[in-house]
Asker: 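First, the structure itself, so that you have it in front of you.
Just follow the structure's listing: the first ligand is 1, and inside any ligand the first atom is 1.
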Amino acid sequence: MMKFLAGLFLGVLILPSFLYLDFRFGKPPVATSDPPLPLEKLMAKTALHARLDREMPRSSPFKADAGVYLEGARVYKENCAVCHGLIGQPEPTIARGMFPRPPQLLDPKEMVTDDPPGETYWKAKNGIRLSGMPGFQASLKDEQLWAVSLLLANADKLPDEVNKELTPSSSEAGKKP
Ligand code: HEC
């Protein structure tokens, strides 16, 4: 019994005190360039996926076609490209200074074409807490959220006219969005 109480005391009081002292006087990661905390990524991803499983829409109320993609491209350029980049462009200034890093969603290596559009819709609508990914619920209409989500889900097979829309023109090339 005594051993159990001693263990409880240790667990309940001492460990949190050390944790507090470490945060107070140690060097917890607060700068974007600091390394992640142990398990930080795992914890964030587990919670996000549990929530997505419960809430993301399983099918899109809109059919993807060239018109929807063009609307999605306009939404993307205005609201997303500043962090997620355009086609064939160097990583934007803002993206380079963020933690976690915003994936370059038009770069074939980082596209979200494997995610169902409902997942991207949920993320664009609600944002991702403590990551810098904003929620656009208050600023974009539902049709716009779906248009940009369908665009990103099909980013590897867009019509030429849409790809052109997402490529900075030569006079803008090199200029950051
Ligand atoms: C201010 C910068 C910023 C803007 C603007 C922004 N995002 Fe993000 N976004 C992020 C960051 C940072 C992440 C990475 C979050 C993470 O890793 O947890 C992210 C993640 C995402 C993801 C998840 C990618 C993956 O690999 O799972 C999607 C999808 C996404 N953003 C879509 C959008 C869309 C659509 C818009 C515009 C309507 C947008 N974002 C605007 C910063 C931004």
Side-chain angles (χ1 to χ4, degrees), residues 28-87 89-158 162-163 165-168 172 175-177:
V30 286
T32 55
S33 56
D34 290 341
L37 279 171
L39 303 183
E40 182 176 330
K41 223 179 174 150
L42 181 76
M43 272 161 34
K45 294 265 177 249
T46 310
L48 179 64
H49 279 112
R51 183 76 181 267
L52 280 168
D53 278 347
R54 254 185 300 146
E55 292 186 2
M56 75 178 202
R58 306 285 151 182
S59 63
S60 156
F62 299 95
K63 262 215 139 50
D65 59 27
V68 167
Y69 292 147
L70 279 174
E71 168 66 3
R74 272 192 292 276
V75 173
Y76 184 88
K77 282 207 301 194
E78 211 155 281
N79 301 279
C80 322
V82 65
C83 291
H84 291 295
L86 291 168
I87 294 175
Q89 189 205 30
E91 194 171 33
T93 327
I94 290 181
R96 266 178 262 160
M98 292 186 79
F99 182 94
R101 230 192 104 249
Q104 298 303 290
L105 299 175
L106 299 178
D107 177 335
K109 293 190 291 297
E110 302 191 358
M111 288 178 172
V112 285
T113 45
D114 287 345
D115 293 342
E119 176 168 343
T120 296
Y121 167 85
W122 190 97
K123 290 175 179 170
K125 180 175 175 185
N126 299 291
I128 304 174
R129 268 272 269 268
L130 302 182
S131 83
M133 166 62 197
F136 290 87
Q137 188 160 25
S139 41
L140 291 177
K141 293 203 238 55
D142 219 43
E143 297 93 274
Q144 294 177 307
L145 286 167
W146 276 112
V148 75
S149 306
L150 289 166
L151 172 91
L152 293 174
N154 296 289
D156 53 349
K157 44 179 175 293
L158 295 171
V162 181
N163 278 331
E165 198 56 34
L166 293 167
T167 309
E172 288 174 305
K175 205 173 87 185
K176 308 283 153 27

Asker: Of all heavy-atom pairs between V162 and Y69, which one has the smallest distance, and what is that distance?
Answerer: CG2-CB, 3.7 Å

Asker: Give me the ring orientation class for W146 and Y121: parallel if the planes are under 30° apart, tilted from 30 to 60°, perpendicular past 60°.
Answerer: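 W146 vs Y121 ring planes: parallel.
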
Asker: N/O to N/O below 3.5 Å, does that happen between H84 and ligand 1?
Answerer: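 Yes: some nitrogen or oxygen of H84 is under 3.5 Å from one in ligand 1.
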
Asker: Please report the closest heavy-atom contact between P29 and P35, naming both atoms and the distance.
Answerer: CB-O, 3.4 Å

Asker: Could you tell me whether the side chain of N154 and the main chain of K157 form a donor-acceptor pair under 3.5 Å?
Answerer: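 Not at all, since once roles are kept as given, no pair shorter than 3.5 Å links the two residues.
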
Asker: If you compare all heavy atoms of A155 against all heavy atoms of M111, which two are closest, and at what distance to 0.1 Å?
Answerer: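 Scanning both residues completely, I find the closest heavy atoms to be O-CE, 3.6 Å.
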
Asker: Side chain, backbone, both or neither: which part of P103 comes within less than 4.0 Å of ligand 1 when only heavy atoms are counted?
Answerer: side chain

Asker: Which atoms of ligand 1 have any heavy atom of P134 under 4.0 Å away?
Answerer: 3 (C), 4 (C), 6 (C), 7 (N), 43 (C)

Asker: Taking all non-hydrogen atoms of both residues into account, name the closest pair between N163 and T167 and its distance.
Answerer: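 Reported closest heavy-atom pair: O-OG1, 2.6 Å.
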
Asker: Quick one: does L48 get a heavy atom under 4.0 Å from ligand 1?
Answerer: no

Asker: For ligand 1, does L152 get within less than 4.0 Å through its side chain, its backbone, both, or neither, judged by non-hydrogen atoms?
Answerer: side chain

Asker: List every atom of ligand 1 that sits less than 4.0 Å from any heavy atom of C83, numbering the atoms from 1 in the order shown and giving each element.
Answerer: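 Answer, ordered by atom number: 1 (C), 2 (C), 3 (C), 4 (C), 5 (C), 43 (C).
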
Asker: So, is K123 polar-close to ligand 1, with some N/O to N/O distance under 3.5 Å?
Answerer: yes

Asker: Could you work out, for atom 12 (C) of ligand 1, the closest of S149, G132, S131 by heavy-atom distance?
Answerer: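 Minimum heavy-atom distance to atom 12 (C) of ligand 1 goes to S131.
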
Asker: Answer with side chain, backbone, both or neither: which part of I94 has a heavy atom less than 4.0 angstrom from an atom of ligand 1?
Answerer: neither

